[in-house]
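Below is one structure; the comments refer to it alone.
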Amino acid sequence: MKITWFGHSCFRIELSNAVKIITDPYKPQAYSGAVKYMPIGESADIVTVSHHHADHDFTEGVPAKDVFDKEGIYTVGDIKIEIVSSYHDDTGGSQRGGNIIFIINAEGMRLAHFGDLGTLDIDYDKLAGLDIVMVPVGGVFTIGYEGAAALLDKLQPKIFIPMHFKTHKIEFDIDGVDKFIKDRDNVEEKDVLDIDKYSLPASTKIVILKHIR
C-alpha cells in the first residue's frame with residue numbers, strides 16, 4: 001500500500017492491486033484563493049468525502065467509480081469501509097455541521113481518515129485497533145495540536161499522519177505541524193508512505209508526508 005499526500009486533507013491510498021482511494025478532494029483556489037494546492041488531476045476507484053465544504057468535497061475534479069459521503073458500511077471488492085459519525089466543531093455541529101470519519105479496512109490493515117474532526121467526543125469503541133490514522137492538527141476549524149496529541153494517546157495507532165495544517169499553499173489562519181511534533185522523537189518525514197501489515201512499526205510513528213500538489 002502506498003499513501004501519498006496531495007495536500008490539506010487529500011490523500012491517495014493505492015493498494016497493491018492498483019485500486020486507488022482518494023480522500024477529501026479540495027477545490028483549487030477555493031475560499032477566494034486561500035487553497036493554493038494545484039489540481040489533483042487524477043481519477044480514482046473510490047473517493048471519500050468527510051463533509052461538504054469546498055476544500056474537502058470537490059469530486060468534480062476527481063472522476064471516480066464510487067463516491068462515499070454518507071453514513072453506511074460499504075464493500076468494494078476486498079475493501080470494507082466503515083463510517084463513524086462525528087462533528088466539525090465541539091458544539092454538536094451547531095457551528096460547522098457534521099463530519100464523517102472513514103475507516104478503511106484493506107490488505108489486513110485498518111486506516112482511519114478523520115476529516116475535519118472538531119471534537120474529541122467520538123465513539124472510541126468503533127475506532128479500536130487502528131493501524132494508520134490521518135488526523136487534522138491545525139486547529140481553528142478542527143481539533144488543534146493538543147487535541148490531536150490526546151487522540152494519538154487514546155488510539156495508539158501504529159502510524160499517525162498529520163493533515164489539515166498550515167503550509168505555504170494554504171492561507172487559512174491555522175497552525176503548522178511544528179507545534180504538534182515539538183519535543184517528539186518518533187517523527188519521520190517521507191515523500192510517500194509505502195507500507196504493509198508486516199512492516200508496521202511496533203510503537204507509534206508519526207509520519208509527516210510532503211504534499212505533491
Side-chain angles (χ1 to χ4, degrees), residues 2-13 20-42 44 47-62 64 67 69 86-90 93 95-102 111-120 132-152 159-182 184 187-193 206-213:
K2 294 181 179 180
I3 301 176
T4 306
W5 186 39
F6 287 107
H8 210 41
S9 298
C10 185
F11 295 85
R12 178 180 63 218
I13 302 167
K20 288 198 299 185
I21 303 168
I22 290 180
T23 67
D24 277 16
Y26 54 80
K27 183 178 182 179
Q29 301 301 314
Y31 297 104
S32 302
V35 179
K36 299 187 179 303
Y37 293 110
M38 299 296 290
I40 294 165
E42 292 190 15
V47 170
T48 63
V49 174
S50 65
H51 64 293
H52 288 288
H53 287 166
D55 52 333
H56 294 264
D57 75 343
F58 190 55
T59 56
E60 296 93 332
V62 185
V67 176
D69 62 353
S86 60
Y87 294 108
H88 197 334
D89 54 55
D90 60 2
Q95 299 173 64
R96 299 186 187 94
N99 176 72
I100 295 173
I101 301 167
F102 285 92
L111 295 72
H113 185 281
F114 279 77
D116 263 7
L117 182 69
T119 177
L120 295 179
I132 302 172
V133 299
M134 290 156 268
V135 176
V137 302
V140 182
F141 308 109
T142 68
I143 59 171
Y145 66 95
E146 292 177 328
L151 190 64
L152 185 156
I159 295 176
F160 185 108
I161 304 175
M163 66 179 183
H164 205 283
F165 55 82
K166 182 79 168 181
T167 72
H168 72 282
K169 292 265 184 136
I170 199 82
E171 292 186 349
F172 296 154
D173 187 19
I174 56 180
D175 288 325
V177 74
D178 54 314
K179 290 184 178 181
F180 177 72
I181 63 173
K182 184 180 179 181
R184 296 182 183 273
V187 180
E188 289 185 6
E189 292 189 11
K190 291 181 176 290
D191 293 325
V192 177
L193 177 62
I206 297 169
V207 176
I208 310 296
L209 293 178
K210 298 177 183 178
H211 63 80
I212 65 169
R213 294 292 188 269

Using a 4.5 Å cut-off on heavy atoms from C-beta on, say whether the side chain of I100 contacts that of S86. no

OG1 of T59 to CD1 of I40: how many Å apart, nearest 0.5 Å? 10.0 Å

With a 4.5 Å cut-off on side-chain heavy atoms, are Y145 and V177 touching? no

Taking the side chain as every heavy atom from C-beta outward, state whether D57 and H51 have any atom pair closer than 4.5 Å. no

Trace of the salt bridge (Lys or Arg N to Asp or Glu O under 4.0 Å) decision for D191 with K210: CA-CA 5 Å; D191 293 325; K210 298 177 183 178; 3.6 Å; yes

Side-chain (D89) to main-chain (G118) donor-acceptor, under 3.5 angstrom: no

Using side-chain contact (heavy atoms from CB on, under 4.5 Å), reason through H88 and H53 one step at a time and then give a plain yes or no. CA-CA 11 Å; H88 197 334; H53 287 166; 3.5 Å; yes

Heavy-atom check, side chain of F102 versus side chain of T23, under 4.5 Å: no

For the ring pair H56 and H164, is the centre-to-centre distance below 6.0 Å? yes

Pick from N99, V135, T142: which one makes a side chain to side chain contact (heavy atoms under 4.5 Å, CB included) with L117? N99

Can you pull out every salt bridge (charged side-chain N to carboxylate O under 4.0 Å, His left out) where at least one residue sits in residues 23-41? Sequence neighbours excluded, please. K36-E171

Shortest non-hydrogen contact from A64 to V47? CB-CG2, 3.5 Å

Close side-chain approach of F172 and F141, heavy atoms under 4.5 Å: yes

Rounded to the nearest 0.5 Å, what separation is found between the CZ atom of F11 and the CG atom of L111? 10.5 Å

Full working for side-chain contact (heavy atoms from CB on, under 4.5 Å) between V133 and H113: CA-CA 6 Å; V133 299; H113 185 281; over 6 Å; no

I'd like to check I208 versus V187 (side-chain heavy atoms, cut-off strictly below 4.5 Å). Are they in contact? yes

Could you pull out the closest heavy-atom pair between T119 and D90, with the gap in Å? CB-CA, 4.1 Å

Taking all non-hydrogen atoms of both residues into account, name the closest pair between M163 and G115 and its distance. CE-O, 3.3 Å

Locate the shortest heavy-atom distance separating S9 from D116; write the atom from each residue and the value. OG-OD1, 4.3 Å

Donor-acceptor pair, R213 side chain versus P39 backbone, under 3.5 Å? yes

Separation between CZ (F114) and CD1 (I101), nearest 0.5 Å, reads 5.0 Å

As a quick check of understanding, evaluate side-chain contact (heavy atoms from CB on, under 4.5 Å) for M134 and I13, giving each step before the final call. CA-CA 12 Å; M134 290 156 268; I13 302 167; 4.2 Å; yes

Are the side chains of V137 and D175 in touch, meaning some heavy atoms are under 4.5 Å apart? no

Please name the pair of heavy atoms, one in C10 and one in P25, separated by the smallest distance, quoted to 0.1 Å. SG-CA, 3.9 Å

Side chains of I161 and I132 in contact at under 4.5 Å (non-hydrogen atoms): yes

Are Y31 and Y26 close enough that their ring centers fall under 6.0 Å? no

Do side-chain atoms of K166 reach the backbone of G138 as a donor and acceptor pair under 3.5 angstrom? no

Heavy-atom closest pair, residues H211 and Y37: CG-CE2, 3.7 Å

Side chain to side chain contact (heavy atoms under 4.5 Å, CB included) against T4, all qualifying residues, sequence neighbours excluded: R12, V192, I212

Heavy-atom count check: over 12 atoms from other residues, nucleotides or ligands less than 6.0 Å from D178 CG? yes

Go through the steps for E146 and F180 under the test side-chain contact (heavy atoms from CB on, under 4.5 Å), then give the verdict. CA-CA 7 Å; E146 292 177 328; F180 177 72; over 6 Å; no

Which distance, rounded to the nearest 0.5 Å, do you find between the OG of S50 and the CG of D69? 10.0 Å

From F165 atom CZ to I181 atom CD1, the distance as rounded to the nearest 0.5 Å: 8.5 Å

